[in-house]
Structure formats: C-alpha cells, structure tokens
2 protein chains.
Amino acid sequence: MATIKEVAQRAGVSIRTVSRVLNEHPHVANATRERVLRVIEELDFRPNAAARYMRTGQSQLIGFLTDEVAQNVFSYDLIIGAQQAAWEHEKLLFLLNTGNDPEVEIRAINMMRDHQVEGIIYATMYHREIKRSQFPEDIPAILVNCFADDRSLPSIVPDEIGGGRLATETLLKHGHRRVGFVNVAAKEPAPLGRLEGYRQALANYGIPYDEALVRFIEEPFEGIATSTYDCVLSLLQMSDPPTGIFCFNDMMALGAYDAVRKSNLRIPEDVAIVGFDNVEILAAQIHPPLTTIELPVFEMGQLAVRMLLGEGDIAQGEQPVQHVIACPLIIRRSV
Amino acid sequence: MATIKEVAQRAGVSIRTVSRVLNEHPHVANATRERVLRVIEELDFRPNAAARYMRTGQSQLIGFLTDEVAQNVFSYDLIIGAQQAAWEHEKLLFLLNTGNDPEVEIRAINMMRDHQVEGIIYATMYHREIKRSQFPEDIPAILVNCFADDRSLPSIVPDEIGGGRLATETLLKHGHRRVGFVNVAAKEPAPLGRLEGYRQALANYGIPYDEALVRFIEEPFEGIATSTYDCVLSLLQMSDPPTGIFCFNDMMALGAYDAVRKSNLRIPEDVAIVGFDNVEILAAQIHPPLTTIELPVFEMGQLAVRMLLGEGDIAQGEQPVQHVIACPLIIRRSV
DNA sequence: ATACTGTGTGCCATCGTTGGCAACCAGATG
DNA sequence: CATCTGGTTGCCAACGATGGCACACAGTAT
C-alpha cells in the first residue's frame, strides 16, 4: 500500500503538504491540492491509522467486551447498535466474548489496552452486578445491562420495573382481573424488578396481590419452555384461573402457548399472554404473534458508544450516569 | 500508560534491553531480565501495538465484514467461532456490518485497510454469489457462506445438497414413504441445493419424485411461518398426504407444527418434521423439540480465521480452496 | 602478549504520520 | 528600495517500538 511519501514524491511536493491536504488545513494552493488529490486517487492511498495514532494519540478504536452476550439470541442487536454509533464517529469496534471466564477477561482487556482502545464497553447477558476492579482505571468504560458494585462506572440498564408494570397493565387494561406471572427464581434485577412492576400495576388497579398467581421457575433454565408449560398448565387448572399471563421471557411464552392450547383454550380470547424480550424470531413467528415487552438492546448499544465518545449532552457529569432505559410494549395479537 | 522508555529508565537499562526482554531474545543477563520484568510489572506496562506494528508490519488485526449476518439469529455463532480462532492466534477481530449497502461496504473495507488488517473475512446471511471486484487485491480475503463470481477467493460454504439429502433420508429411514418438502422460491444455492439433496435421497430409496409434494414459498419471507402453515395444511389435506415433512428452515417448521396440530395430528406419530439451521431457541424449545439439520456456523467462522492465518495444512495452494462443510443432523423428537 | 569467541549492553535509524517552526515569494506599504 | 504581510511550502522532530551494528568485557586458545 502506498504511503504518504510516495504520494509526495509523485505529486512533486513535500510530505508536509500532502499531510495538509489530507487534514484539510488551509494555506494550500488550489492547484497543489488538486494535484495531490489526483495522485492520492491514482495510488489509492489511505493514511495508515497506526502511524496516525502515533502522532495524534487517537486510535479510533473501541473495545466491545461481552460475557456471553453474543451467544444470546436477542443481543446481536446490541452489537449492531454499538457498531452503528461507532461507525458514525468513524470508529471501529473490537469484539471480544469472554464466555465469563475471568482469565479470558483479563487477557481480553489487556489486548484491548495494547491496541490503545479509546474506551471499553462491557455488556452482560443477564442484568447483574459486576466488580469494578476488573476494569483498568485509566480507560473509560461503559457498562451495559450491568452495573459496578460501587456504582463508579456509568451504566445502561433496562427499566425492569417499568417493563413489568407495562406488561401487567397491558393485561389489566384489557379487562383481565386474574393475572398470572411466570417468573424465574433468581435474586437478580430482572426477576426482582419485573415482579415489583407486576405488583405496582396491580396496586394501580386496586387489585390485591395473590401469591397463588405468581410462579417461579427454578434453574436450570435449559428446558425452560417445558417447565413453563407445566407451570401454566397448573395455573389454568386452578379453581379461579388467570385469564391473562405475563411470562418472564418470550421463550417461556412459547411454553405457555402450548399449555393454553393443551387446555383447549384460545389465545387471546380465553387466555391472553404477554412476553418479555421481543425475540423477533419467536414473537413474530408464533401463532398468534406474541405481544411482548421489548428490551431495547439496539438503542442500548448505540447509547453506550455515544456516552463513551462523550457525545453532546449525554456527556458525564461528576457522578457516573446510570441510564435506565424504558422497555416499550410491542403489540401483536396475543392480548 | 507507561512506555518502554519509562521502563528502561526505571530499571536503569537502555530501551534496547527492555525490548530484548519483551521479545525473549537471548543475551540478557538473568539479573537484568528480572529487574526489567519487575519494573514492567510495577508499571503495568504493555507494549503499544500500534508502535509495534510500525516496525514489524504485523497489525494482529482481522476484519470481519458481514452483509446482514449479525442480524441473523443463528449467525452469532459464526462471529464467536471466528473470534475464538482469532483469540488463539492473539489476533483481534474488527466487526463491521454493512446492512448490504454497497457504499457502507466500500467505506468499511477502507476503514479496515486504514487499520492494516491482515485479512478480511466476508460472511453473508444467505448462501450466494458475490463480486470479486468488491475486494482489494492486496488483502487476503476469505468468503463465508458465499463465493466469488470468478472463484478467485477461498470460500467456505455449507453442503446444501448433503444437508437436504440427510434431512430427507432421516425421514425415509424412519419408514416414511410420502415425504413433503416445503422449500422457498428463489434461485439461490440453498433452496436449489436442498432440493437436489431431496431428490437424491428419494432416488437412493427408489422412490419417484412427486411434484405435488414439493411446495415453494414465495417472497416476501416475513410471515414465513404463516405461509408455511397454509402450505402444510394443504399438503395434509391431499388424498395421499405426506407423513414426513422437510422444511427449508426451522422458522418454517414452526408454521408446520401449527398446521399439523390444527389438523389434529400428532408429531411425530402422525407426521414427522425435519427442519434446517438448528436455531436453538426455536428447535430446542418448541414442543416436541425439533429434529433439524445444523448449519455449522461456529466451525465455519473458526475455519475462516484459520485459513486466513494459513494455519498448518489448511494453507492455500495455487487454486483458492472452496471448502464445502457438511451439515450434521441434530436428532431431537420430531421424527 | 595477541587474537578470538561469546555474552551483555547501548546507540541509532526506522516505520508513516503530524505539527512547530522557518523560509520563500509576491505584492503592498512606507 | 527597505520593510511588512500573508499565503504557500519544506525541514525536522516526535510518537513507541524493534533490529542492525558496534562496543565493552570477560574467558579461552594461540
């Protein structure tokens, strides 16, 4: 690949002048500029980013670190969102998936430091707390779907409570008064928050909380649709069964669908169902299409990069910002 | 971040000596080496990759370009596979999704050239042909799930014919003699190849090809599960209906499931179903779990990086290699 | 004593780019 | 004619690392 030197020689000017043309400095005669530009075109010259970094200290690189996010179905949009925002700033994204192995994580962060990333985005599969000490002090970091134990890093997390409330209110708004909730049994922000949202929605409608309507699926979560199937079946066999069911996620809604059908009931006429996550491939394809709460991962990825680059008004103040992102309702046909 | 100069100063040696320690050159006294190593540790020094590249010409960077792959549910594994192989070689992966926009693609390739990637991997969502001219001559490229019009670039593609044959034979092996195939209507390698595989399997079993059993879903493919639902319903209403159905992909199998249930038939007792792609979130979660053909995307990603780095015996000969990867059968419970 | 070998170390150029500084030139001003 | 101004251009150092070369200092062979 051609270098600036070759361009200078061929255009009969000094390297400095080519550099000026490249960086759109003033004080270059028009004729000269055009000659240089022509040679650049001819040689298909592009300035070497590494060399440029050497002088300017700007690597134009962002590290995107995930625990298992890239293995999760709905999180590819997170990467795409981040990539798009990076693109707008002419930055490139390094992708590294640690598989939750601390050793890999350390090495990954080191590799990113080696390449002088301008910042690191760390995204987790599940909404959870992580250790501040994993991250170097001297590189800006943004957390996505997680937060630092000491809250010292800016983070972006979904509004679990709001989402849970919205899901439940959607059912209540349609006249359902017995609303079931199939949750997962874990002390994490997602199940805890969505349950809180569920309670708030009931309270808003003046409906007492009924323990019998709330179920918790235990780990392991592999056959989660099947566990949910059993769970929903028992819910529907109650003497006073729910007519609306809020499922912790879309995969579980799939199991709920099977249970409702098995009970010879129709969706949404007899039982309405709301999911969570908006996994398109499931939610939009099953019959009837699933009304669900979207985890706005694309926006979260985008926002992460924008925060990192200190874009405009979302620049950080003294206290690291904790962005809580609203989860919108995606209306389909299961309610 | 500390530089080699600071390390040298603090250790009371020259820069050259630190460099020797870093690169494990001989001729460094043990005492000196240990002193240097200690300082490196103290300062948490890591050599600057950009500066290193300047001298050595090795950027340790690989570009991973996709059209819309990252937007496709089952392709995150492709990225993970590539990333893992890259990791083993201490390389970092640049991820860039073009959304199939030619302008974006050109800029993306340029950005990667700017950063001196050692090679580019280009992966497509659908198995298809692409133009060689999109790619610069001077950077090695590997194509995944696509191939160059002039076959001048090494490529990795799934064995569509073999996959189609395997899917069909799986049904035949279980005694099904009337086997339907719900294909998509497109002149692309995937539908064409899988159909060819279907025909070969029938031929192997001495069963004549029956046009009435092969259906083609037209674009647009958004509500593809619903189209398949209608299609399978009509298939099951034939006078001599199929007892086994091979669906072009797993999403379509979801529609087929609905149609079979609607017809008051059981899976797999009355109608057996085989999918394609092995989209875990669907195939493993629906009821009964779907037997399907896996698109080995993880391995394809891995192989792409390994080929690029010329690992061992998969180094290229004179003719660019066209790797055709077998698609294994994933046995679940729908057959 | 001299030459030779080999270990340990440092100096300096180099990679491709940018930015400070200085120099050149033409035209305007005193 | 000397000085000034401002546009245009070039020289050179610097960024952080590596590698060729040279040199100092042993110990060994002649």
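Letters A, B, ... are given to chains in the order of the sequence lines, protein chains preceding strands, and every chain is numbered from 1.
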Spacing of [X] atom [atom1] relative to [N] atom [atom2], expressed in whole Å:
X: A:Ile15; N: D:dC11; atom1: CD1; atom2: C1'; value: 10 Å
X: A:Lys5; N: D:dG10; atom1: NZ; atom2: P; value: 16 Å
X: B:Glu6; N: D:dC15; atom1: CD; atom2: P; value: 11 Å
X: B:Leu22; N: D:dG16; atom1: CG; atom2: C1'; value: 11 Å
X: B:Asn30; N: C:dT7; atom1: CG; atom2: P; value: 13 Å
X: B:Phe45; N: D:dT18; atom1: CZ; atom2: C1'; value: 12 Å
X: A:Asn23; N: C:dG20; atom1: CG; atom2: C1'; value: 15 Å
X: A:Ile40; N: C:dT17; atom1: CD1; atom2: P; value: 10 Å

inquiry  = Salt bridge check, A:Glu299 against A:Arg306: does any charged N sit closer than 4.0 Å to a carboxylate O?
reply    =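 So A:Arg306 does not pair with A:Glu299 through a salt bridge.
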
message = Salt bridge check, A:Asp149 against A:Arg132: does any charged N sit closer than 4.0 Å to a carboxylate O?
response =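 Salt bridge flag = no for A:Asp149 with A:Arg132.
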
If the cut-off is 4.0 Å, is [X] near the phosphate of [N], judged by side-chain N/O to OP1 or OP2?
X: B:Arg52; N: D:dT18; answer: yes
X: B:His25; N: C:dT9; answer: no
X: A:Ser14; N: D:dC11; answer: no
X: A:Thr56; N: C:dT17; answer: no

Which listed nucleotide ([options]) is nearest to the side chain of [X]?
X: B:Thr17; options: D:dG7, C:dT9, D:dG16; result: C:dT9
X: A:Ile4; options: C:dT17, D:dA17, D:dC15; result: C:dT17
X: B:Ala51; options: D:dA17, C:dT18, D:dT8; result: D:dA17
X: A:Asn48; options: D:dT8, C:dC11, C:dT17; result: C:dT17
X: A:Pro47; options: C:dG10, D:dA17, C:dT17; result: C:dT17

task = Look at all strands and tell whether B:Val18 reaches a base, only sugar-phosphate, or nothing, counting heavy atoms closer than 4.0 Å.
result =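 The residue B:Val18 makes no contact with any strand.
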
message = Considering every strand and a 4.0 Å limit on heavy-atom distances, what is the contact class for A:Arg16: base, sugar-phosphate, or nothing?
response =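 The answer is base, as A:Arg16 lies within the cut-off (heavy atoms under 4.0 Å) of a base atom.
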
message = Is it the case that C:dT14 (base atoms only) and B:Arg55 (side chain only) share a donor and an acceptor within less than 3.5 Å, ignoring hydrogens and angles?
response =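 Indeed, a donor on one side and an acceptor on the other fall under 3.5 Å apart.
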
message = Quick check: on DNA chain C, is the nucleotide nearest B:Tyr53 upstream (toward 5') of the one nearest B:Arg33, or the reverse? Name the residue that is more 5'.
response =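 Taking each residue's closest nucleotide, the earlier one in sequence belongs to B:Arg33.
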
request  = Report yes if the distance between the aromatic ring centroids of B:Phe64 and B:Phe94 is under 6.0 Å, otherwise no.
outcome  =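 No.
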
Main-chain N/O of A:Thr3 paired with A:Asn48 side-chain donor or acceptor, under 3.5 Å =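 Such a contact is absent between A:Asn48 side chain and A:Thr3 backbone.
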
ask   = Any donor and acceptor pair, going by atom type alone, linking the side chain of A:Asp159 with main-chain N or O of A:Cys327 inside 3.5 Å?
value =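 Checked: no pair found.
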
query = Would you say the side chains of A:Asn97 and A:Thr66 form a donor-acceptor pair under 3.5 Å?
reply =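 Yes.
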
